[in-house]
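Right, one structure below, let's go through it.
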Protein chains: 2
Amino acid sequence: MTTVDEPAGRRLTERGAKTRTRIITAATDLMYTRGVGATTLDDVVAASGVSKSQLYHHFAGKDALVRAVIDHSGKRVIDREREALRRVSSIAGLRRWRDALVRNNAVQHGAYGCALGSLASEVADRDDVARQTLSGLFAEWEGLLADVLGRLQDAGTLPDDAPIDELTTGLMGALQGGYLMAQTAHDVTPMATSIDMALNYIESLSAE
Amino acid sequence: MTTVDEPAGRRLTERGAKTRTRIITAATDLMYTRGVGATTLDDVVAASGVSKSQLYHHFAGKDALVRAVIDHSGKRVIDREREALRRVSSIAGLRRWRDALVRNNAVQHGAYGCALGSLASEVADRDDVARQTLSGLFAEWEGLLADVLGRLQDAGTLPDDAPIDELTTGLMGALQGGYLMAQTAHDVTPMATSIDMALNYIESLSAE
DNA sequence: CTAAAACTGGACTAAATGGTCCATTCCATT
DNA sequence: AATGGAATGGACCATTTAGTCCAGTTTTAG
């Protein structure tokens, strides 16, 4: 699902790749903290220490850069989550996963929200390609959660007929909603509460 | 909690009030569908059929207009929800409430998301006053849900020691996360699933 | 070593945008 | 009917922004 960062038809030296990466990481950071619309290309130029012509050398325009940022953020989140969820196979493990997310979001008091969620909210209705990419990334993330629930099933913790996909969607909903509420309150408590409720429900399906 | 739309220190004729309202409703619509950042004042001027000087006569600037839009959207949502939740006092009633929200969001295939949620996501980290207003609106909305759960308690459906505030936060999280996922997928199914899980959990606390 | 390709910096432009100003008209109050 | 504040239209302005161009430098490959 992850789109390749590099455009197909051009040669790219190591030096160029570094420049390109520098642009993307700077843009990712800015667009996460300020929002896509509020981030100008001049901001990106200043933050990355790259000239404007280079920006246009590597990206067709702002839309293309935004899409690259989405790919990059997506890869970052998915990699992190793949690692975090890889060996989780218990409710307690899910709770530790939740703790890590909340703790991580607490350092900024919930500000900026979820890296993918805030991009989605801003971009979904204005760039259909970006929307679909983000939709795929959410699906991938949910897939990782579904794997965990599958392992819970294998371990006999969850019944075989547990509706894994629905549970996964519900868990992701609670997570995203939690991020948004934390962002609005500048307090991570509602995020913790929201995810907790989803986990409680999943746990309640086990203890039968 | 709702802030008054009119600024305190100035006289306002009926005609002026109408103009002011026209500006706000046009801006509310545009900012909901296009986003705050992507809505220009010229857009608002064109859509409301009002001159720019009028816009600046009634609002100190874009920020002030955005805040008025937040107040207006907030009032709209809270009024709608107050009415929708007023007499709900059963799980079935909550499910009907869910159905109505989902059906309503389905007409646009989930696009634009929650009127308050998308404003919050875009504005929370860039205007602290707006953020606090939105935070208050969410609290008000959650209060309406808490009232419903209280009635469930009174009816004996929910146990007396049910943690109403946590449940309310979880429900709002599922709702907001559902809106976001529906917006990203352009499909309301995940929204329905997400809220369902929260309601299932609440229901599970009853059947003990 | 050399030439082409890749890369770089920064000046430049056209359009858009938030915001200002002012001359004129409307309207409530006395 | 007069008066002053409210309302209005629209020209105007400074700045910002996405996007262009090009002259010059560095890297790569033969």
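Residue numbers start from 1 in every chain, and the chains themselves are labelled A, B, ... in the order their sequence lines are given, proteins ahead of strands. The figures here come from the full heavy-atom set of this structure, side chains too, leaving out hydrogens, waters and symmetry mates.
Close to C:dA16, at under 4.0 Å from its OP1 or OP2, lies no side-chain N or O of B:Thr40.
For DNA chain D, the neighbouring residues in residues 47-56 of chain B, judged by any heavy atom under 4.0 Å, are B:Ser51, B:Ser53, B:Gln54.
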Just do the salt bridge (Lys or Arg N to Asp or Glu O under 4.0 Å) check on B:Asp196 and B:Arg95 with the steps written out, would you?
CA-CA 8 Å; B:Asp196 270 345; B:Arg95 296 215 185 264; 3.5 Å; yes
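The distance between atom CG of A:Leu65 and atom C1' of D:dA18, rounded to the nearest whole Å, is 12 Å. Counting to the nearest Å, the P atom of C:dA5 and the NE2 atom of A:His57 are 13 Å from each other. Residue A:Lys18 contributes atom NZ, which lies 13 Å from atom P of C:dC7 at whole-angstrom precision. At whole-Å resolution of the value, CG in A:Asp42 and P in C:dG10 are 13 Å apart. Rounded to an integer number of Å, the gap from B:Arg20 CZ to D:dA6 C1' is 14 Å. Taking atom NE2 of residue B:His58 and atom C1' of nucleotide D:dT8, one finds them 9 Å apart after rounding to whole Å. Look at CG on A:Leu41: it is 11 Å from P on D:dT20, rounded to the nearest Å. Rounding to whole angstrom units, CG of residue A:Leu30 and C1' of D:dT17 are separated by 15 Å.
Here CD1 of B:Ile23 is found 4.5 Å from CG of B:Leu55. Values are rounded to the nearest 0.5 Å.
Residues passing the side-chain contact (heavy atoms from CB on, under 4.5 Å) test with B:Ala100: none are found, sequence neighbours excluded.
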Listing, residues 187-195 of chain A side-chain donor-acceptor contacts under 3.5 Å, not counting sequence neighbours, or none:
from     : atom 1 : to       : atom 2 : distance (Å)
A:Asp187 : OD1    : A:Thr189 : N      : 3.0
A:Asp187 : OD1    : A:Thr189 : OG1    : 2.7
A:Asp187 : OD2    : A:Thr189 : OG1    : 3.1
A:Thr193 : OG1    : A:Thr189 : O      : 3.1
A:Ser194 : OG     : A:Ala174 : O      : 2.9

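Here the side chain of B:Thr184 pairs a donor or acceptor atom with the backbone of B:Leu180 at under 3.5 angstrom. Listed for the A:Ser135 side chain is no donor-acceptor partner under 3.5 Å among the backbone atoms of A:Arg131.
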